[in-house]
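No hydrogens, no waters, no symmetry mates; every other heavy atom, side chains included, goes into these values. Owing to the predicted nature of the structure, the values given are computational and were not obtained by experimental measurement. Numbers restart at 1 for each chain; the letters A, B, ... are given by sequence-line order, proteins then strands.
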Number of protein chains: 2
Amino acid sequence: MRKVEVCFSPELIHLHELEGKIVVVVDIFRATSTMVAAIANGVKEILPFPDLESCRQMQQKGFLIGGERNGLTAPGFEMGNSPIAYLKENHSGRSLAMTTTNGTQAIEKSKQASQILIGAFPNLQATVSYIQSQDEDVLIHCAGWKGHFNLEDSIFAGAMVKSLEATHVTEDDGAIAMKQLFEKAGHDLSGFLSQASHAKRLQNHGIEHDIDFCLSFDLYDLVVKVNPEGFLVKV
Amino acid sequence: MRKVEVCFSPELIHLHELEGKIVVVVDIFRATSTMVAAIANGVKEILPFPDLESCRQMQQKGFLIGGERNGLTAPGFEMGNSPIAYLKENHSGRSLAMTTTNGTQAIEKSKQASQILIGAFPNLQATVSYIQSQDEDVLIHCAGWKGHFNLEDSIFAGAMVKSLEATHVTEDDGAIAMKQLFEKAGHDLSGFLSQASHAKRLQNHGIEHDIDFCLSFDLYDLVVKVNPEGFLVKV
């Protein structure tokens with residue numbers, strides 16, 4: 001059997017071996033959910049940036065630019081980090097440059113993996129099926145919040161560990177704990193996550209519709225991966 | 001209401017503010033369980049050391065020396081990290097110098113706290129009652145395993161968060177997750193933790209009795225804290 005493990009924070013990723021593994025980067029509120037929404041709605045490719053300035057400069061090269069810090073659209077950016085906003089407008093065929101507080105950093109720190117996938121509830125089952133078609137072990141890399149464990153990324157990890165249970169074993173304590181947590185709380189994700197620190201931060205920004213989207217299972221039969229040039233594209 | 005938060009690894013402790021807080025250091029298998037057992041059985045004080053060599057040298061000063069690495073008694077040490085061993089022999093009034101793989105490092109990294117307590121299941125309720133008598137917020141610092149999240153320290157944190165629920169609120173995602181996990185799995189700790197990576201490592205060492213001890217609730221009405229000189233003593 002292949003293996004699955006979970007890393008709760010980019011600050012712990014150095015403890016894990018990434019080579020030869022599929023790494024699934026997870027930033028449920030909202031970077032990876034937004035990336036999946038954008039590509040599902042026609043965006044051709046997404047180039048992630050760790051910093052605002054280099055991301056902003058991509059506008060001159062014809063990129064749509066999306067930038068978020070601390071849950072808000074960064075000054076001078078066309079788009080923030082709202083998945084719903086990407087669904088409302090038509091960006092078919094556009095290239096998107098994007099930077100977010102936690103998610104893009106987690107992608108950057110996953111570079112040694114053999115494959116990097118973008119995980120979100122709206123494409124969970126499609127991602128699971130893709131992983132099951134591959135021969136490699138899996139590491140779920142939670143972006144967390146400024147280095148801290150967060151509830152939404154971690155319970156997604158639990159959902160994925162559970163969905164992989166027929167094909168992937170785990171000896172990893174984080175994976176075991178989060179699978180248990182998902183079994184307990186997964187039937188009411190939005191109720192459970194309304195306690196989460198980050199959901200509270202987002203509620204203050206008035207984006208309940210985004211949260212609903214981010215917690216919707218399997219809206220898309222879509223797998224998003226990072227290609228060798230560093231672009232996020234549809235598999 | 002006072003607050004409670006959880007840190008899953010010494011590698012994440014720099015993300016937390018320690019000043020003005022009570023930090024409870026937790027290394028269930030087995031450092032903090034052993035420290036509690038030793039003091040419950042008459043050891044006067046314990047001086048923790050991060051490294052084997054400086055710990056070993058304390059023997060010349062009349063200290064009993066306890067040293068463990070990777071679950072085994074370190075070469076040249078009188079005692080390892082077995083709580084049962086400390087219960088079997090009479091060490092009344094002795095001073096103990098002790099070093100372990102993870103636990104003593106977590107104590108070292110908690111030094112900025114206003115108080116450091118030693119947490120274990122055998123003195124959980126006593127520690128909770130002491131915390132409730134104090135005015136400070138609480139941080140539960142899990143020693144983990146070589147930087148990784150581990151199941152036994154984390155579920156202990158969940159048990160403590162739950163026990164503190166009448167007096168301490170939490171906005172911390174790790175605390176919320178672990179309280180849920182304890183509510184799900186706390187009725188059968190040894191069954192649940194038999195999946196844990198560290199329990200498996202310990203089973204290989206043939207120390208099932210130690211595990212049973214480490215998972216026994218409230219054997220002692222005993223609170224252990226680190227005094228200003230760095231010694232672990234009975235409160």
Looking only at B:Glu171, B:Gln195, B:Glu183, B:His148, the option with the highest number of non-hydrogen pairs under 4.5 Å against chain A is B:His148
Which one of B:Leu181, B:Leu15, B:Ile155, B:Asp173 has the most heavy-atom pairs closer than 4.5 Å to chain A? B:Asp173
Where on A:Phe149 is there a heavy atom nearer than 4.5 Å to chain B: the side chain, the backbone, both, or neither? both
Do the side chains of B:Met35 and B:Ile107 get nearer than 4.5 Å, heavy atoms only? yes
Within the 4.5 Å heavy-atom criterion, are B:Leu164 and B:Gln132 side-chain neighbours or not? yes
Worked check of side-chain contact (heavy atoms from CB on, under 4.5 Å) between B:Thr34 and B:Glu68: CA-CA 11 Å; B:Thr34 299; B:Glu68 171 268 349; over 6 Å; no
Out of A:Phe121, A:Phe8, A:Phe29, which one pairs with A:Phe156 under the ring pair (Phe, Tyr, Trp, His ring centres under 6.0 Å) rule? A:Phe121
Name the option with the most non-hydrogen atom pairs under 4.5 Å to chain B; the candidates are A:Asn150, A:Val6, A:Asp172, A:Thr170. A:Asn150
